[in-house]
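Counting starts at 1 for both ligands and their atoms, in listed order. Heads up: numbering here begins at 1 and tracks the sequence.
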Amino acid sequence: MRLVRLPQGTRVTVLAGARVFDPDTGETTRADVRLDGDRIAEVGPGLDGGERVDCSGGLLIPGLVDCHVHVAFPRTEPLPRSARILEAVPVLRGLLARGITTVRDAWGADAGFKHALREGWLTGPDLLVSLRQLGPTGGLGDSWEPPAGAVDTFGDPSLPDPLFDGPDAARAAVRRMVRAGADWIKIGAGGAMASIRAGVDVRPADDELLAVVEEARRCGRDVMAHAHTAAAVVSAARAGARSIEHGTFLDDSAVAAMADAWYVPTLSPISDSEFAETHRRSLRLAVEAGIRIAAGSDLAPRPHVDLATELRLLAAVLGDAAALKAATSEAARLLRLDDDRGRLEPGLRADLVLLDGPDLDVTDLPGRIRAVWHDGERVSEAS
Ligand SMILES: [Zn+2]
């Protein structure tokens, strides 16, 4: 499979005859969409001018946003460093082909990926990077093995040391990430599922979490917090993390603390585990409390984890329209990009996906994709 950007005879395009999805109301209406360069110029009936694309029988939705991906995950086998980078090339291309036009990387990708995308060396969605996940000694992000001691899986100055102990060191860790080009600060507010199972859940102290959030804000950044347990969620949310990732074991206290945060549940990776139902219950609890939901797949090079899977799992709890909202307008709000994308409105970016058929059913989203526009340019698969 090869992706090519189709030549554009003109910068004005009218996408004609489809239904158009408004993620905030959940409604679809019959309308044309006129694109002017990289912007949506007009949405309404009977538009003309420029190149005409017949979209009849289809549904236009905003380009999808995945708020939690790992496009350059280190593999367990001992491969040379370039393998991690090169594996991301088809991953990024595949994301765009599936209508995902913006992603937030939750650790693994450095700022060089953004540079390569900007320069056109790679084809892929717009990328926000967090570099690595901050954490205390023994916490998430501290790779340590009894016979070897500290193991740096990256060994790369563009992915700085994420470890800290104490508020001052926490501030320094944030500054190291910002210096290396992080758009977001990722904090491990609790351990990985394996650590929790093993009873080794070293969490940052509240004053350390506060220092991370405060320093990130001072640097113009927001914080995304990995947190499975209710205790980790409460600490991260009270410290002011903008999004809570995973939140597998939410309870009433966690949901109460999350009133000002977004919840990115990432149901996919553990959807076959013994915690799947607990996780769904956490999502229901959050929705009932009015917590804002944004979609994140926790995509990494592992099977059956991508945004299409996540949307199907979200839809089983929220319904199709709310699942799509979580991956469009609501995701853009979490990322503070809602004045630029996430809805099909004049002035916003021309990131769109044309689906086969008029309904909102997300059961087989990849199978329904007829065309993708990213930044006003049509992206298609070609052999
Ligand atoms: Zn993740």
Which atom names give the shortest non-hydrogen contact between Leu314 and Ala326, and what distance separates them?
-> CD1-CB, 4.4 Å
With the Zn ion (ligand 1) as the point of reference, which N/O/S atom of Asp298 is the closest?
-> OD1
Can a salt bridge be assigned to the pair Arg368 and Asp359 using a cut-off of 4.0 Å between side-chain N and carboxylate O?
-> yes
Should the pair Arg349-Asp375 be classified as a salt bridge under the 4.0 Å nitrogen-to-oxygen rule?
-> yes
Do any of the N/O/S atoms of His70, backbone or side chain, fall under 2.8 Å from the Zn ion (ligand 1)?
-> yes
Taking 2.8 Å as the cut-off, does an N/O/S atom of His226 lie below it from the Zn ion (ligand 1)?
-> no
Among all residues two or more places apart in sequence or in another chain, which pass the ring pair (Phe, Tyr, Trp, His ring centres under 6.0 Å) test with His228?
-> His226, His246
